[in-house]
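The next block holds one structure in the form of structure tokens; read it before the comments.
No hydrogens, no waters, no symmetry mates; every other heavy atom, side chains included, goes into these values.
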Amino acid sequence: MEARTAGRRAILGGDRCADRERPPCSLAVVAAHLRCRLVRDVVADARDVRGRPLRDLRISVTDRCNFRCVYCMPRSEFGPDHEFLKTAKLLSFEEIDRVARAAADIGIRKVRLTGGEPLLRTGIVSLVERLSAIDGIDLAMTTNGSLLGAHAAKLVDAGLGRVTVSLDSTDPATFARMSDTRVPVQSVLDGIDAAVDAGISPVKVNVVVRRGVNEDSILTLAERFKGTGVVVRFIEYMDVGATNRWELSQVMDVQAIVQTIGRVHPLVRVEAVYDGEVATRYRYLDGSGEIGVIGSVSEPFCGTCTRARLSADGKVYTCLFSSTGTDLRALLRSGASQDELVSRLTALWVRRDDRYSELRAETNEDPVRDRIEMSYIGG
């Protein structure tokens, strides 16, 4: 494994500061190296206006998906006539790798591949291999699971560490209603089993809870994975994008979710593992595992948010609820150096002042109009 990783680093250029060949050692070379190390030390703890560091980067590799989940890509808006991004507008794997390496210099420790559905992107395994060669990066993926069975083993071999599968119900009718797809729910369950069998750990399941639609699936999902090592996380229905016709009345808050499970299977709250952890964790008192809840609506966590998102066409968004992003594709294709890319990302982050969910909670109004669709930048 170490030999393979070392070889991969040699092929892909594992030294983030070495985007040009090194001449024989000289005072000039030593000075340049020291300047690079100094820049690294300065930007590695870049913080935004509210003192939040940059630690997580979500990378959307495609805006396409084979599901039409009603809260993410409603078919009425993403039908047969919808124009998806052309291949030429997508960031290449080399460009994605460059951005990820620049982000690692700034302080990123976690990279998550998203979509759309990331497993629809041709050659995705090779991208995982590229990104897994970056020192100090925890590489994960979020997927709808429908194609995971065919890819799980190859993804593990390429270096994927963790996977999260979106699954809102195990009931076939409810699953079909929420995902608006002909893909059977069993295909997703098989994908989860394949990920576990391939050795991915942890495997997580994300459940968007929408009152009046799938709250009856909360306990069923918790029990389906209780004792298996798979962690289920229940997420409040959020007003992401501008097309899902979100209403506050459809939100089931996280305390109600915890109570629904806790009445049958007693739970106790667990302390966060790291700063910026978005899920509040609870473990079963009988020791059979844990669940998580994410309350962006009822319990906003903007104050500890450390995430940035890279869209499939190369725009960086500093909030899930943003309306505009900063274009890096043009910079990448203009011949910019890696140092210039690091500087652009740093400047973007230190100006960040987003706190959409807190403002929503304070005013009961939408602080941002025309929000970017979640399928464009990942969840």
Tell me if a side-chain donor or acceptor on S132 pairs with a main-chain N or O of V128 at a distance below 3.5 Å.
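Side chain of S132 to backbone of V128, a donor-acceptor pair under 3.5 Å: yes, one is there.
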Check whether any side-chain N or O of R112 sits under 3.5 Å from a backbone N or O of M141 as a donor-acceptor pair, and report yes or no.
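A pair under 3.5 Å: yes.
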Do D168 and S217 get their side chains close enough for a donor-acceptor pair, meaning under 3.5 Å?
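Looking only at side-chain atoms, S217 and D168 do not form any donor-acceptor pair under 3.5 Å.
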I want to check something: taking the side chain as every heavy atom from C-beta on, are [X] and [Y] in contact at a cut-off of under 4.5 Å?
X    : Y    : result
N214 : F175 : no
L90  : R121 : yes
R211 : V251 : no

Over all heavy atoms of both residues, which pair between [X] and [Y] is shortest? Give the atoms and the distance, please.
X    : Y    : value
L328 : L345 : CD1-CD2, 3.8 Å
S146 : V188 : N-CG2, 4.3 Å
V49  : R351 : CG2-O, 3.7 Å

Salt bridge (charged side-chain N to carboxylate O under 4.0 Å, His left out) between R58 and D56, intermediate numbers included
CA-CA 7 Å; R58 293 193 162 219; D56 305 84; over 6 Å; no
One thing to verify: whether R333 and E95 come together as a salt bridge, which I'm taking to mean a side-chain N less than 4.0 angstrom from a carboxylate O.
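Salt bridge: yes.
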Inspect the contact between R162 and D138 and indicate whether a charged nitrogen and a carboxylate oxygen are less than 4.0 angstrom apart.
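Yes, this pair counts.
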If we check side-chain contact (heavy atoms from CB on, under 4.5 Å) with L167, which of these qualifies: N206, V232, V185?
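Of all the options given, the one that passes is V185.
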Apply the test salt bridge (charged side-chain N to carboxylate O under 4.0 Å, His left out) to residues D105 and R101: give CA-CA distance (whole Å), side-chain angles for both, the deciding distance (0.1 Å), then the verdict.
CA-CA 6 Å; D105 278 344; R101 290 178 182 277; over 6 Å; no
